[in-house]
Amino acid sequence: VQLQASGGGWVQAGGSLRLSCAASGRTFSGYTMGWFRQAPGKEREYVAAIRWSSNQKFYADSVRGRFTISRDNAKNTVYLQMNSLSLEDTAVYYCAARSSTIISSYVGQERVYDYWGQGTQVTVSS
């Protein structure tokens, strides 16, 4: 399984970006897909997750209402639409995949994910 994240860049505060995570190597029915981020000098943190089959979505409190996770079955791609970006959203964003479903309370834990993509940098400036 390979994950390829893209879509990062520079944006002014209040702006929007859409990240993509293209997945290859198999079909992802039954998988749980997640987005995490790591800001300079901080630990990596959970952002959002989606169950591929049911399309059930989960969000960290810090992004709920501003970010939207989605997936495209035909393209085997997961997206993270980020709106109303703030300086605190500056980070390297990573996508991850778990090869099975998991109870909701664990979707935000890094250790449950089996595969990781390379990061994509998001920089928000004032």
Side-chain angles (χ1 to χ4, degrees):
V1 173
Q2 291 184 325
L3 304 175
Q4 181 71 39
S6 61
W10 176 89
V11 64
Q12 286 192 316
S16 300
L17 279 176
R18 189 178 77 159
L19 305 183
S20 300
C21 176
S24 62
R26 59 150 294 154
T27 58
F28 290 87
S29 175
Y31 271 54
T32 301
M33 307 295 292
W35 284 99
F36 290 77
R37 67 185 181 186
Q38 187 168 20
K42 296 185 177 180
E43 294 187 352
R44 190 155 55 183
E45 66 174 1
Y46 161 69
V47 175
I50 186 169
R51 289 182 174 145
W52 194 280
S53 297
S54 68
N55 203 31
Q56 188 175 7
K57 304 171 184 181
F58 308 89
Y59 298 96
D61 289 342
S62 59
V63 306
R64 186 175 290 110
R66 300 188 299 122
F67 291 11
T68 302
I69 189 170
S70 62
R71 56 101 172 96
D72 185 323
N73 281 332
K75 296 182 178 180
N76 250 17
T77 298
V78 174
Y79 301 100
L80 186 68
Q81 176 66 44
M82 306 185 295
N83 299 328
S84 301
L85 285 161
S86 68
L87 300 181
E88 289 70 33
D89 296 316
T90 293
V92 178
Y93 284 71
Y94 299 88
C95 60
R98 173 182 168 86
S99 58
S100 63
T101 192
I102 194 168
I103 61 174
S104 303
S105 57
Y106 285 92
V107 297
Q109 297 190 18
E110 290 185 49
R111 61 184 177 86
V112 308
Y113 290 88
D114 305 306
Y115 307 99
W116 290 83
Q118 92 296 353
T120 185
Q121 175 71 47
V122 172
T123 303
V124 184
S125 64
S126 58

Shortest non-hydrogen contact between S20 and W35, atoms and distance: O-CH2, 3.6 Å
Spatial distance of atom CZ (R37) from atom CZ (R44) [nearest 0.5 Å]: 13.5 Å
Expected output: side-chain Y113 to main-chain V107 donor-acceptor under 3.5 Å: yes
Main-chain N/O of S100 paired to T32 side chain as donor or acceptor, under 3.5 Å: yes
Cluster link L19 to L87, ILVMFWY, side chain under 4.5 Å: yes
Taking every non-hydrogen atom, the tightest pair across R26 and V1: CG-CG2, 3.8 Å
L3 side, atom CG; F28 side, atom CZ - distance, nearest 0.5 Å: 6.0 Å
hydrophobic_cluster_shared for V11 and F67, side chain cutoff 4.5 Å: yes
Flag if over 12 foreign heavy atoms under 6.0 Å of NZ, K57: yes
Linked, directly or transitively: W10 and L17 (ILVMFWY side chains, under 4.5 Å): no
Polar side-chain atom of Q118 near backbone of Q4 as donor-acceptor pair, under 3.5 Å: no
Heavy-atom closest pair, residues A48 and L80: CB-CD1, 4.2 Å
Path from V112 to Y115 over hydrophobic side-chain contacts below 4.5 Å: no
S84-R66 side chain donor-acceptor pair, cut-off 3.5 Å: no
Minimal non-hydrogen separation, S104 against R51, with atom names: N-NH2, 3.4 Å
Closest heavy-atom pair and its distance - V63, V47: CG2-O, 3.4 Å
Distance (rounded to the nearest 0.5 Å) between E110 CD and E45 CD: 10.0 Å
Point-to-point distance, once rounded to the nearest 0.5 Å, from OG1 of T120 to OH of Y94: 10.0 Å
Contact check, side chains of M33 and C95, non-hydrogen atoms, under 4.5 Å: no
Over 12 non-hydrogen atoms of neighbours within 6.0 angstrom of CD in Q121: yes
S29 and S53: side chain donor to acceptor below 3.5 Å: yes
Minimum heavy-atom distance between N55 and I50, given as atom pair plus value: OD1-CD1, 3.1 Å
Y59 six-ring face occupied by R64 cation (under 6.0 Å, within 45°): no
Point-to-point distance, once rounded to the nearest 0.5 Å, from CD of Q12 to OG1 of T123: 13.0 Å
Separation between CZ of R18 and CE of M82, rounded to the nearest 0.5 Å: 11.5 Å
Cluster link I103 to Y46, ILVMFWY, side chain under 4.5 Å: yes
Backbone of W52 reached by a side-chain donor or acceptor of R71 within 3.5 Å: yes
Whether W116 and F36 hold their rings parallel, tilted or perpendicular, with breakpoints at 30° and 60°: tilted
